Amino acid sequence: MFTVFSLHVMQMEFSFGPKGWVPAEQLQEKSTDECVYALGLHAPGFFDKVLNVNKCLLQSDSANEKSGNESRATWRRTAIVEDYGVQEGRRKHHNVLEKENENMHEFSQLCKNAGGIQSWGFLRGMCNSHTGFLKHLMLRSGRNVETGLPELTVNFVTSSDNPECLRPLVEKIATIPEVVSIVNNVNTSIGYTSVGEKEYTLYGKSTIIEILRGLTFQISANSFFQTNTRQGDVLYKLIEDCAFLKGDGSEIVLDLFCGTGTIGLALAKRVKPVYGFEVVAQAVSDARQNATLNFINNATFIEGDLNKIGSAFANNLPKPDIVITDPNRPVMHIKLIKFLLRLRASRIIYVSCNPATCARDLNYLCCGVPEQNIEGRYRLSSLQPVDMFPHTPHIECVCSLELR
Ligand SMILES: C[S@@+](CC[C@H](N)C(=O)[O-])C[C@H]1O[C@@H](n2cnc3c(N)ncnc32)[C@H](O)[C@@H]1O
């Protein structure tokens, strides 16, 4: 198993909550006053219990702290906690709101002017009541390709379409040198997903750059990108090894669930064409742009929902030699399993961050689904876990399947 000891997790998603959740073992130690309003991580299995996180050990220093300036606290504290009182407790918050902080006063006025949102509502997370404005805070770090210095994107996910409400907060955060982009994703659903129906760029650019396997990738806020860049390099090298490319540039690659095109593009210079499929429009557009950025002209990226494929899916494409499939945590749709079994590519590389759903899909591909008269056609030739999420129970697996 590959493990890193020095972490650099590129993306973290935090949630806002109406009050901080205190684990039972700490109830004695903490007064409940300390815990009003939360910005942090969900307790496992409970979306309405948000554990305050003041410093995230999985984040890069620049995402956690303002390096080189001892006098300023972490940027999260500076921008959100100190100025807006989200984590400071109800009493302090009242002081900040009503007496002390001009910005906060302006801010609450702004909120009221902008469509009747109450300032208190602004600070409440959605949680069970489904009220409030701020849902999630997503931090993503990348680097400047010329200087190599860290860059940060800040993505506020809100429950309604009122980007002006964020303006005072944006002005504060924009003064942090590492921050190159501040966006607002508006997600009006009652769910906890962070992908917005609309996105506003409130400061700087709308994308961030990261480098993996020597290639440059542009990433939009709604596009998937490996959260752990250093281990991402290890993961993609392993996928390349599992592809057993002949080296004569003759193979055709199908990259399913391709995101910003990372895996396909990492292989593109050593194969014939690469075809990528992905459902998120921004990710497809990033993938196309990434091909251009890396002078790759044999990669085609197609927008489409792999859960809704018809019998004619990919009929117009040449038969691939290698299929990469890298689904989200749920199982692959049975239509896609059937497609892969009909396609009979010589090799499938199945990349998964969920061993349970991965096991089901591998079982179908290898042993078939007898109750549906589906015959399995593959043999699992290798399975390598990669520790993409150190110090958590999660694990990524790269599975190599050969046609029998
Ligand atoms: C685990 S990510 C892998 C992305 C890419 N392979 C990478 O390594 O960066 C899974 C990707 O599948 C996409 N996705 C999820 N459901 C999908 C669907 N039904 N059809 C097509 N793409 C889907 C997600 O948007 C995401 O980009």
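Everything numeric here is computed off the predicted structure, so don't read it as measured data. First listed ligand is number 1; within each ligand, the first listed atom is number 1. This chain uses plain numbering: 1 for the first residue, then up along the sequence.
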Looking only at side chains, do [X] and [Y] share a donor and an acceptor under 3.5 Å apart?
| X | Y | value |
| --- | --- | --- |
| S250 | D248 | yes |
| S352 | N354 | no |
| N185 | E199 | yes |

How far apart are the C-alpha atoms of E210 and Q226, what are their side-chain angles, what is the distance that settles it, and do they pass the side chain to side chain contact (heavy atoms under 4.5 Å, CB included) test?
CA-CA 10 Å; E210 189 48 284; Q226 296 297 340; over 6 Å; no
Report each N/O pair between ligand 1 and the protein that falls under 3.5 Å, naming both atoms.
residue: ligand 1; atom: 6 (N); partner: F257; partner atom: O; Å: 3.0
residue: ligand 1; atom: 6 (N); partner: D326; partner atom: OD2; Å: 2.9
residue: ligand 1; atom: 8 (O); partner: Q226; partner atom: NE2; Å: 3.1
residue: ligand 1; atom: 8 (O); partner: Y236; partner atom: OH; Å: 2.7
residue: ligand 1; atom: 8 (O); partner: T262; partner atom: OG1; Å: 3.4
residue: ligand 1; atom: 8 (O); partner: D326; partner atom: OD2; Å: 3.2
residue: ligand 1; atom: 9 (O); partner: Y236; partner atom: OH; Å: 3.2
residue: ligand 1; atom: 9 (O); partner: T262; partner atom: OG1; Å: 3.0
residue: ligand 1; atom: 19 (N); partner: D305; partner atom: OD1; Å: 2.7
residue: ligand 1; atom: 19 (N); partner: N307; partner atom: ND2; Å: 3.4
residue: ligand 1; atom: 20 (N); partner: L306; partner atom: N; Å: 2.8
residue: ligand 1; atom: 22 (N); partner: V279; partner atom: N; Å: 3.1
residue: ligand 1; atom: 25 (O); partner: E278; partner atom: OE2; Å: 2.6
residue: ligand 1; atom: 27 (O); partner: E278; partner atom: OE1; Å: 2.7
residue: ligand 1; atom: 27 (O); partner: E278; partner atom: OE2; Å: 3.3

Over 60° means perpendicular and under 30° means parallel, so tell me whether H394 and F389 are parallel, tilted or perpendicular.
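Rings of H394 and F389: perpendicular, over 60°.
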Set of ring pair (Phe, Tyr, Trp, His ring centres under 6.0 Å) partners for F313, sequence neighbours left out
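Ring pair (Phe, Tyr, Trp, His ring centres under 6.0 Å) check on F313 returns F277, F339.
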